[in-house]
2 protein chains.
Amino acid sequence: MTQKGITLKDVAAAAKVSRATAARALNSYGYVGDETALRVIEAAERLGYRANLVAQALRSGQLPIVGFVPGDIQNPFFARIAHDIEAELRKHRHNLLIASSEENVEQEKDLLESLRSLSIRGFILAPTSATDSEHILQLAREGAPIVLIDRVVQDLQCDSVVVDNEGGAREAVDYLVSNGHDRIGLLRDDSRIFTAQERLAGYQNSLLSHGIALDESLISVSHSTVEHAVDATIRLFSRRNRPTALFTVDSLMTQGALLGLRSMGLSIPHDVSLVGFDDFNLATFTDPQITVVAQPISEIGPLAAKFLLERLAGKKIAPRHVRFPTRLIVRGSVAQIHGR
Amino acid sequence: MTQKGITLKDVAAAAKVSRATAARALNSYGYVGDETALRVIEAAERLGYRANLVAQALRSGQLPIVGFVPGDIQNPFFARIAHDIEAELRKHRHNLLIASSEENVEQEKDLLESLRSLSIRGFILAPTSATDSEHILQLAREGAPIVLIDRVVQDLQCDSVVVDNEGGAREAVDYLVSNGHDRIGLLRDDSRIFTAQERLAGYQNSLLSHGIALDESLISVSHSTVEHAVDATIRLFSRRNRPTALFTVDSLMTQGALLGLRSMGLSIPHDVSLVGFDDFNLATFTDPQITVVAQPISEIGPLAAKFLLERLAGKKIAPRHVRFPTRLIVRGSVAQIHGR
DNA sequence: TCGTCATGTGAGATCGATCTCACATCCGAA
DNA sequence: TTCGGATGTGAGATCGATCTCACATGACGA
């Protein structure tokens, strides 16, 4: 199939030197006569020589490839991060291999297993589970450089880049409370995803600090897909004495809530106030626009890539844990409640 | 860094056989004694042996990796396709390396150049340019299996999976005409992207077939980003005698149009009717929902992957060109024009 | 009893780049 | 004049898996 392939041997022959000398000339190390070097470089150019990265990798034990395992590449959040990581890696002549775990721990295990035998240089992971992580610990034990994003793993000492989920959620709920709401629904994720738990904690802490009793019946658990969120929303708002406001833990759920509320004929913010975690392009297209807790997405990918590249370059320092603050973007989906 | 690494040699030693025999036992070829085979397999299992794919690749000349070069991984259209391709490849133990061209021919050239030296097995491309494609032809000449998606390249004989851009655009404009519109604006792309040209042709052909004269002043050229589309929309609708309807050639432009029209205080469909090419999740969240020409996105990725895998398996048949039909999804963004 | 063939196994070559040696020069210093 | 160092270069080993070839057995028909 793939024929051709000018090897170093061809170049060496063309320049009438040994392979060793050709390698020295092309990679400029060791002693090489000026004239010889020129001859080699000229020959390489003429033949269109390109080093075989696989052969290099066999010797060095590493391909210039970094593996990225996001929860779901279709999620715009991860797509953006993937793009940023790739752009950053490319500057350092590395490629990005993307393998989506689809938020499935078993698949995540399989993927890492298969990426391991590829002699990949390092990993950027958004672990699906905060607890079932033996496979990741194992990977780390073998010495593979790892950077975690969006979520962390217990007992794993490595660089991580996450956002302040608890604080962001708290700020969102604080905002609803300050607008007079005290029956605030929560649409959350049933998975053991790290972020979902932190956001739940933020919700609870906010209510606690305002002396509002936690009401389990206001918390609806769902999968993180638009369809499930629609159902969960409808269930939540079909009860008597329904909430006056809703906080959703991610953008897919926010979209589901939007559709669910619309199908029930409930208008935002007149009937229900809404705040979502994670900004999304749709949020400014609705009427009213949706108030959200925004994450600094554009900073996550580049920083994660930077951390990993530093590790690949051999930097030996204690793991760095960066937690970006979130930002409440007030738009029009929250109304003030008057009296009661 | 990466230590460990149980090699075939270790397994062979543990099983007290030569490397050759160990290889035979593990890959089941040639003659191996039953008992010996068992001993090798047991040893491999016990040591946790994993074949080094890089070493295999050096011999075979090919890594189990397929390169995907989309226009932009952040575009949900490509993100979905990437996901589908990856899922399909994974069934055949292949990995997907994604390198976004960002709709830039030069970057596309660089990427292909760098992927080439990786001994990648095949490529799935969405070429940025329909004409500047010498680098792709070169790749094909070297024998690399290629499947084109979304866009084709002149003079390149290889499998392709695209949609009926001309027909879809024609149907959209036909629909506007059938609702009484005859001043129909077009928001198009200035790039030489294949799809943009075909969609333009569909627009022109529809008008032609209805005896409506082409009015260049109704065509606004812009880049394919939301921001540029906003500007272009505002320019288009700032003229006197503005169009009564607008057709946009991709989802980013449709979003831009939405924002642009809103900022001008023009309501849909009362003041302006709108049809966009490419469905997008936002389209059902707006009020009214947007009428679009939908592409069968879920079929493109799997089919492209299937084609490529067949080529990798050595299938030698004439290139296949699949062109999926589009589907007009009527929602609420088009109003009937009465009289004139 | 002697080939012939089926069956098993190992030594060594191979893929391409790189690195370690060993071996040449040639210089200036002792 | 001789020795040590700086400078250049090539032969061969190495990375890990696989494949070819040669060499063993043992069985079986002639």
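Each chain gets a letter, A, B and so on, in the order the sequences are listed, and its residues count up from 1. Just so it is clear, the values below take in all heavy atoms, side chains as well, and ignore hydrogens, waters and symmetry mates.
- In this structure, the CZ atom of A/Arg59 is 17 Å from the P atom of D/dG12, given to the nearest Å.
- Other residues, nucleotides and ligands contribute only 12 or fewer heavy atoms inside 6.0 Å of the CD atom of B/Glu35.
- Atom CG in B/Leu63 sits about 14 Å away from atom C1' in D/dG16, given to the nearest Å.
- Residue order along DNA chain C, read from the 5' end via each residue's closest nucleotide, puts B/Gly33 first among B/Gly33 and A/Ala55.
- No hydrogens or angles were tested; on distance alone, nothing pairs the side chain of B/Arg24 with the base of D/dT18 as donor and acceptor under 3.5 Å.
- Spacing between atom OH of B/Tyr29 and atom C1' of C/dT9 amounts to 12 Å, rounded to whole angstrom units.
- In this structure, B/Val17 reaches the sugar-phosphate backbone alone: every heavy-atom distance under 4.0 Å involves primed, P, OP1 or OP2 atoms, never a base.
- The CD atom of A/Gln138 sits 11.0 Å away from atom CG of A/Leu112, with the distance rounded to the nearest 0.5 Å.
- Residue B/Thr36 is classed as a sugar-phosphate contact, given heavy-atom separations below 4.0 Å to backbone atoms only.
- Taking 4.0 angstrom as the limit, B/Asn27 places none of its side-chain polar atoms (N or O) nearer than this to OP1 or OP2 of D/dA17.
- For the side chain to side chain donor-acceptor pair (under 3.5 Å) with B/Thr128, the lone residue among B/Arg151, B/Glu108, B/Glu106 that qualifies is B/Glu108.
- You'll find that the side chain of A/Ser18 is closest to D/dG10, out of D/dT14, D/dT18, D/dG10.
- Rounded to a whole Å, the CG atom of B/Leu58 is 14 Å from the C1' atom of D/dC19.
- If you take CG of A/Leu8 and P of C/dT18, they are 7 Å apart, rounded to a whole angstrom.
- Under 4.0 angstrom from either OP1 or OP2 of C/dT18 there lies at least one side-chain N or O belonging to A/Gln56.
- Computed from coordinates, the A/Arg19 CZ to D/dA13 P distance equals 11 Å when rounded to whole Å.
- At a threshold of 4.5 Å between non-hydrogen side-chain atoms, the residues B/Asn52 and B/Thr7 do not count as touching.
- Salt-bridge check for B/Lys109 with B/Glu113: failed, with every basic side-chain N at 4.0 Å or more from each acidic carboxylate O.
- Between C/dG16, D/dC19, D/dA17, one nucleotide has an atom nearer to the side chain of B/Ala20 than all others, and that is D/dC19.
- The side chain of A/Asn52 has C/dG16 as its nearest neighbour among C/dG16, C/dG12, C/dC19.
- Across the protein-nucleic acid pair, A/Gln62 atom CD and D/dG16 atom C1' stand 15 Å apart, rounded to whole Å.
- Rounded to a whole Å, the OH atom of A/Tyr31 is 17 Å from the P atom of C/dC26.
- Within the structure, every side-chain polar atom (N or O) of A/Tyr49 is placed at least 4.0 Å from both OP1 and OP2 of C/dG16.
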